[in-house]
A.B. asks: 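Questions regarding the structure given below will be posed in turn.
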Amino acid sequence: VYLAEDTLLGRRVALKVLHDEPTDGLSTTGIALFQREARHLAGLNHPGIVQIFDYSGLYSPRLYLVMEYVPGRSLTEPVERLGGLEPELVARIGVAVAGVLAYAHERDVLHLDLKPDNILITADGRLKLTDFGISRRLRGGAAALDSDMIAGTPAFMAPEQALGRHTDERTDVFSLGATLYMVATGASLVHGSSSFEAIQAVARGAWIPLDERDPTFPRELANVIHRSLSLEPKDRFADALTFGRMLAMSVGLSGPDVHTLPRIP
């Protein structure tokens with residue numbers, strides 16, 4: 001990702017180059033799929049989503065996205081620095097992100113790579129989601145944009161995604177749960193010396209419950225996060241909006257206060 005200047009409109013933008021290979025090594029079908037997905041994502045207009053302004057054309061030598069530049073930091077920074085955040089702030093972050101996911105899901109867009117690195121904190125303390133998993137849906141035969149390997153970040157992937165099975169809104173619910181687990185504890189849900197080991201650990205549900213890591217962690221909030229991490233999609237919350245409501249209820253948030261996000265340290 002490069003910091004660039006839009007010379008026509010006189011603004012700074014983020015330029016994300018999506019693929020190392022020149023586009024002449026990709027199929028026409030693959031490039032067309034990329035453009036279709038880019039147009040779809042560019043149609044997402046929400047204050048909690050990093051806006052896509054433009055994308056590479058059919059004859060561009062590289063695939064790229066021109067995105068809104070968000071000065072600030074990722075959610076990973078305070079989590080790693082503090083070793084986890086306070087439970088109420090964890091719940092509030094979850095409510096905010098769940099609302100953004102619900103908006104995207106209503107428009108048939110899954111994130112598929114949700115993690116603290118992909119949640120940005122703006123200078124005024126708002127949260128913005130970036131890096132929706134655009135490239136993992138692009139296939140174009142022998143010169144596909146993706147290989148046949150599972151794409152994503154193993155410690156945050158739902159079992160069905162890790163195993164290459166059908167994904168839906170509940171896949172993002174799992175990833176949000178795994179994200180909140182790290183936000184609460186400072187530790188990844190699972191560990192492994194390789195991506196394969198991490199994927200296997202996710203598929204087995206081999207993670208330490210929140211209340212075992214920290215006996216003082218609120219039981220109601222822990223139970224909500226634990227449910228989002230169920231191995232079977234049918235055992236999770238049916239959608240992100242329900243997950244967000246349950247997070248709010250678990251810490252006693254209601255009314256307009258639900259959507260008030262305290263400044264993240």
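What you see below is based on every heavy atom in this structure, not just the backbone, and it leaves out hydrogens, waters and symmetry mates.
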A.B. asks: Rounded to the nearest 0.5 Å, what separates atom OG1 in Thr179 from atom CG in Leu189?
C.D. replies: 9.5 Å
A.B. asks: For Arg219, look at atom CZ and say whether over 12 heavy atoms of other residues, nucleotides or ligands are found less than 6.0 Å away.
C.D. replies: no
A.B. asks: Could you state the interatomic distance from CG (Leu261) to CG (Asp124), rounded to the nearest 0.5 Å?
C.D. replies: 10.5 Å
A.B. asks: For Arg213 and Tyr181, test the side chains for any donor-to-acceptor distance below 3.5 angstrom and give the result as yes or no.
C.D. replies: yes
A.B. asks: Tell me, do Tyr55 and Ser60 make a side-chain contact under 4.5 Å, heavy atoms counted?
C.D. replies: no
A.B. asks: Any heavy-atom pair between the side chains of Glu80 and Pro116 that's under 4.5 Å?
C.D. replies: no
A.B. asks: Under the side chain to side chain contact (heavy atoms under 4.5 Å, CB included) criterion, do Arg107 and Leu44 qualify, and how do the steps go?
C.D. replies: CA-CA 8 Å; Arg107 288 151 183 81; Leu44 297 179; 4.0 Å; yes
A.B. asks: Please walk me through it: do Asp6 and Phe53 pass side chain to side chain contact (heavy atoms under 4.5 Å, CB included)?
C.D. replies: CA-CA 10 Å; Asp6 181 338; Phe53 296 139; 5.9 Å; no
A.B. asks: Can a donor-acceptor pair be found between the side chains of Asp172 and His105 at a distance below 3.5 Å?
C.D. replies: yes
A.B. asks: Going by an N to O cut-off under 4.0 Å, is there a salt bridge joining Glu68 and Lys128?
C.D. replies: yes
A.B. asks: For a side-chain contact (heavy atoms from CB on, under 4.5 Å) with Asp117, tell me which candidate from Thr130, Leu75, Thr76 qualifies.
C.D. replies: Thr76
A.B. asks: With a 4.5 Å heavy-atom cut-off, do Phe237 and Glu169 have their side chains touching?
C.D. replies: no
A.B. asks: Please report the interatomic distance OG(Ser74) to CD1(Ile121), rounded to the nearest 0.5 Å.
C.D. replies: 7.0 Å
A.B. asks: Measuring from Leu85:CG to Met182:CE, what's the distance to the nearest 0.5 Å?
C.D. replies: 10.5 Å
A.B. asks: Please check if atom CD in Glu86 has more than 12 non-hydrogen atoms from other residues, nucleotides or ligands closer than 6.0 Å.
C.D. replies: no
A.B. asks: Could you check if a side-chain atom of Thr242 sits within less than 4.5 angstrom of a side-chain atom of Asp239, using non-hydrogen atoms only?
C.D. replies: yes
A.B. asks: I'd like to know if the side chain of Arg81 reaches the main chain of Pro265, judged simply by a donor and an acceptor atom lying under 3.5 Å from each other, with no hydrogens or angles considered.
C.D. replies: yes
A.B. asks: Are the side chain of Gln51 and the backbone N or O of Ala42 linked by a donor-acceptor pair below 3.5 Å?
C.D. replies: yes
A.B. asks: Under 4.5 Å between any side-chain heavy atoms of Leu129 and Leu101, yes or no?
C.D. replies: yes
A.B. asks: To the closest 0.5 Å, what do you measure between CG (Leu112) and CZ (Phe156)?
C.D. replies: 15.0 Å
A.B. asks: Salt bridge or not for Asp131 and Lys16, using N-O below 4.0 Å?
C.D. replies: yes
